[in-house]
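Just below is one structure, and these are the notes that go with it.
Chain naming here is simple, since letters A, B, ... match the order of the sequence lines and numbering starts at 1 in each.
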There are 2 protein chains.
Amino acid sequence: MHGASIRDIAARAGVSAGLVQHHFGSKDGIREACDAHVLEAITAHAQRGIDGEITSGDLLASMYAASERGVRYIARALVDDSPGVATLFDRGAEMAAQWLNKSWPERFPAGAAVTHERAGTMAAMHLGTLVLHAHLVRWLGVDPLAPGQAHVVSEAMLDVYTAMSDYLSSETGANIRRALAEHRENLTKKRRTP
Amino acid sequence: MHGASIRDIAARAGVSAGLVQHHFGSKDGIREACDAHVLEAITAHAQRGIDGEITSGDLLASMYAASERGVRYIARALVDDSPGVATLFDRGAEMAAQWLNKSWPERFPAGAAVTHERAGTMAAMHLGTLVLHAHLVRWLGVDPLAPGQAHVVSEAMLDVYTAMSDYLSSETGANIRRALAEHRENLTKKRRTP
DNA sequence: CGCTTGGCAATACGATCGTATAGTATCCAA
DNA sequence: TTGGATACTATACGATCGTATTGCCAAGCG
């Protein structure tokens with residue numbers, strides 16, 4: 001919310017500040033309205049990621065293309081304490097959990113602690129490329145949110161995945177993989193305590 | 001910087017606001033001092049990740065344990081436009097690039113565009129778990145930055161890597177992997193334009 | 001002893017912010 | 001026609017913020 005005062009919003013909209021105040025009730029009212037708008041717009045698009053064959057990386061890429069401003073807003077709101085967008089993170093994590101469970105039912109049982117942990121971390125990693133968008137722009141020299149550039153990050157994510165898996169399946173990563181498997185044993189059986 | 005006024009900082013330090021102003025010159029002076037302090041503290045620790053055998057996930061985990069407050073500060077500063085911490089993102093991306101190049105010299109050549117893109121995305125993914133820390137706390141029910149909880153996210157990251165790689169090596173992900181390999185061909189040969 | 005220097009506090013000033021209130025114009029139903 | 005609801009502006013109030021100013025006081029030094 002910082003850096004966007006009611007007066008700025010009103011000036012951008014071409015009306016007075018009092019009208020904005022009158023229409024939304026308060027500053028929080030503006031944010032709630034924005035959250036609801038973006039949430040609704042993104043939900044319909046995101047549903048395709050669950051029951052479709054679309055991968056998580058491509059899902060983000062298609063979101064970029066569909067609503068660049070909405071994605072930028074989400075990236076910004078995720079680091080504020082916006083309660084509406086907090087549910088969007090949870091929804092993303094739930095989508096990841098469903099995807100993990102659908103892909104490996106015995107490895108990521110529904111409701112298990114391991115599925116919950118992995119899904120949350122996965123959502124944080126993918127949304128992290130959004131939140132740190134400004135740094136990626138500076139590092140890459142191009143804007144991944146610009147039209148036609150959406151593939152850069154999603155492809156890189158997939159490539160990192162494959163590279164990391166190769167590393168973990170090598171001799172160097174064998175002990176890491178073994179230690180990880182032990183921890184997973186306990187978590188897989190444990191139901192998540194809500 | 002939002003949410004931490006000079007008066008708050010002075011009250012927390014037990015001194016007057018005027019002294020803080022006098023000592024650091026301005027509000028930006030405080031941030032620069034904090035950036036320099038954290039940067040120096042974290043650099044020595046991070047160097048182990050490059051030439052050591054330590055993985056990136058374990059590197060983050062050990063950073064958690066070494067300086068919880070420093071990590072929290074970085075997570076906060078990464079989403080502000082702090083110029084000092086911006087170099088920290090670049091340093092993390094450079095570390096990732098070095099690690100990628102050391103692990104697969106022919107796959108990720110030094111200075112190649114593909115290495116640069118992958119390293120930046122990798123840094124964003126890993127640092128994303130820091131920046132979105134508040135959401136992870138809410139989702140997981142525990143604080144990954146709390147002492148003794150550092151392993152949760154790092155293990156989950158590794159597990160997601162293995163799961164993703166299994167997905168990409170399966171029949172379903174075969175075409176994705178194939179399309180990815182084509183794009184990589186061009187990027188590997190191309191030198192990065194600075 | 002007198003003077004300067006630096007740590008430190010207290011206060012004030014201007015800017016910005018969210019919000020409240022009063023006032024004006026428009027429009028639609030009774 | 002009229003009266004109230006609605007869209008909209010203008011202005012003001014209180015709070016908070018960064019910053020500048022002033023002054024006190026102890027330490028060091030000739």
Whole angstrom value for the distance that separates [atom2] of [N] from [atom1] of [X]:
{"X": "B:H22", "N": "C:dA10", "atom1": "NE2", "atom2": "P", "answer": "16 Å"}
{"X": "A:K27", "N": "D:dA15", "atom1": "NZ", "atom2": "P", "answer": "19 Å"}
{"X": "B:Q21", "N": "C:dC13", "atom1": "CD", "atom2": "P", "answer": "17 Å"}
{"X": "B:L19", "N": "D:dT19", "atom1": "CG", "atom2": "P", "answer": "15 Å"}
{"X": "A:I9", "N": "C:dT19", "atom1": "CD1", "atom2": "C1'", "answer": "14 Å"}
{"X": "A:I6", "N": "D:dT11", "atom1": "CD1", "atom2": "C1'", "answer": "15 Å"}
{"X": "A:R7", "N": "D:dA10", "atom1": "CZ", "atom2": "P", "answer": "13 Å"}
{"X": "B:H23", "N": "C:dT5", "atom1": "NE2", "atom2": "P", "answer": "19 Å"}

What contact category does A:S16 fall into here, base, sugar-phosphate, or nothing, at under 4.0 angstrom with non-hydrogen atoms? base
Is the side chain of A:R118 donor-acceptor paired with the backbone N or O of B:A163 at a distance under 3.5 Å, no angle test? no
Would you find a donor on one side and an acceptor on the other, under 3.5 Å apart, between the side chain of B:H135 and the backbone of A:L78? yes
5'-most contact on DNA chain D (nearest-nucleotide basis), B:G18 vs A:G18, goes to A:G18
A:S26 side-chain proximity, nearest of C:dT19, C:dC17, D:dT9: C:dT19
How are the rings of B:W139 and A:F89 set relative to one another: parallel (under 30°), tilted (30 to 60°) or perpendicular (over 60°)? perpendicular
Carefully, step by step, assess B:D159 and B:T162 under the rule side chain to side chain donor-acceptor pair (under 3.5 Å). CA-CA 5 Å; B:D159 205 9; B:T162 62; 3.3 Å; yes
